[in-house]
Amino acid sequence: MNNVFVIYTGGTIGMVRDEQTGTFIPFDFDLIAKNIPELARLNYNLRVHSFTPIIDSSNMTPAIWLEMASLIKDNYDDYDGFVILHGSDTMAFSASALSFILDGLQKPVILSGSQLPIGEIRTDARENLITALELASAKKRGKSLIHEVCIFFDNKLFRGNRSFKYNSAKFEAFRSPNYPVLVEAGVYLKYNNDALLNNSGMDFQLHTRLDDAVSVLKLYPGISKQVVRAVLESDARSVIMETFGSGNTTTDSWFLDMLRQTIRNGKNILNISQCKVGSVELGRYETSKWLKEMGVLNGYDMTFEAAVTKLMYLQGEFDKQSDVAYWAEKNIRGELTVQD
Ligand code: ASP
């Protein structure tokens, strides 16, 4: 018998429509269990932990990530794997955060949810949950096949810290264009073994500090000095700069001077691209050569979700800005590919 621990945080999967207002509101896990009678037929020993309150994932917080992670740590030895039912809106942030704080996982942590509530006839919830449970308990010769935090949606298993919500209208809500799909569910579950994270020899440990002093500078042609200054001068320890194409910015001297001064003042600036596919390549164009020279950090092909949560994690781990900077550019949980 396989043992799976299910954490129910909320999201559309378990929502019902409020008759008066017509809006979707979160509901308890019994609704899910009642609508998937197949759960009782599965050869699993399921334990369900529901969060209170059950939330729409737009209300997710770093404190809840830590709460989920410590639940996993407390139950780690007794279960084969973990399924987290979660709203899709911020699922990629939660998956990314968990990938950093759950270090050296030897078991699967699968986040899933749905685009239509479980009570709707055409719901995608049933398939998503049943296959997520199967993946969370999959083993070969007594060992888990998956050792990382993933998102399962619409028949695909993605690395959590490589994914983002790309569509709010299709069942295919997630994509991870910079990293291959880990498992495809069809008639068979097709594992992409070369792409799965290999944590062999590592000890599982939980990191319990996140420092959310992170800010974001999203560039656009015509961005004003006031806007740039407001972001750079906030009290964040690190700034994520979302740049054009392969990591380019305007070369206006006022802009470059502000960046240079910010770095001199001890802040980190991490460059990720507004493009969803491809990587930052500092120095490829003249428009990014200056960034490299002044010490802007290379975020390579990281998603925005991974960049935000990685910096929170690193800032929680390290007091020294130079340590945060050093690790920000390294691949620590399969979240980026360093291009030479
Ligand atoms: N607003 C919902 C949530 O993120 C959307 C969903 O579950 O798909 O909780």
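Atoms within each ligand, like the ligands themselves, are counted from 1 in listed order. Values below: every heavy atom of this structure, side chains too, minus hydrogens, waters and symmetry copies.
Within a 6.0 Å radius of NZ in K225, other residues, nucleotides and ligands contribute 12 heavy atoms or fewer.
Seen from the ring of F100, R333 does not count as a face-on cation partner, given the 6.0 Å and 45° thresholds.
Applying the side chain to side chain contact (heavy atoms under 4.5 Å, CB included) test to N178 and every residue at least two apart in sequence or in another chain returns R162, V277, D301.
Inspection of the Q315 and S238 side chains reveals an N or O donor paired with an N or O acceptor under 3.5 Å.
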Review point. Side chain to side chain donor-acceptor pair (under 3.5 Å) between S57 and T90: does it pass, once the steps are laid out?
Key: CA-CA 6 Å; S57 75; T90 63; 3.2 Å; yes
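Around ligand 1, the residues contributing at least one heavy atom under 4.0 Å from the ligand are G11, T12, D56, S57, G87, S88, D89, S114, Q115.
Here the closest non-hydrogen pair linking I54 and Y8 is CD1-CE2, 3.7 Å.
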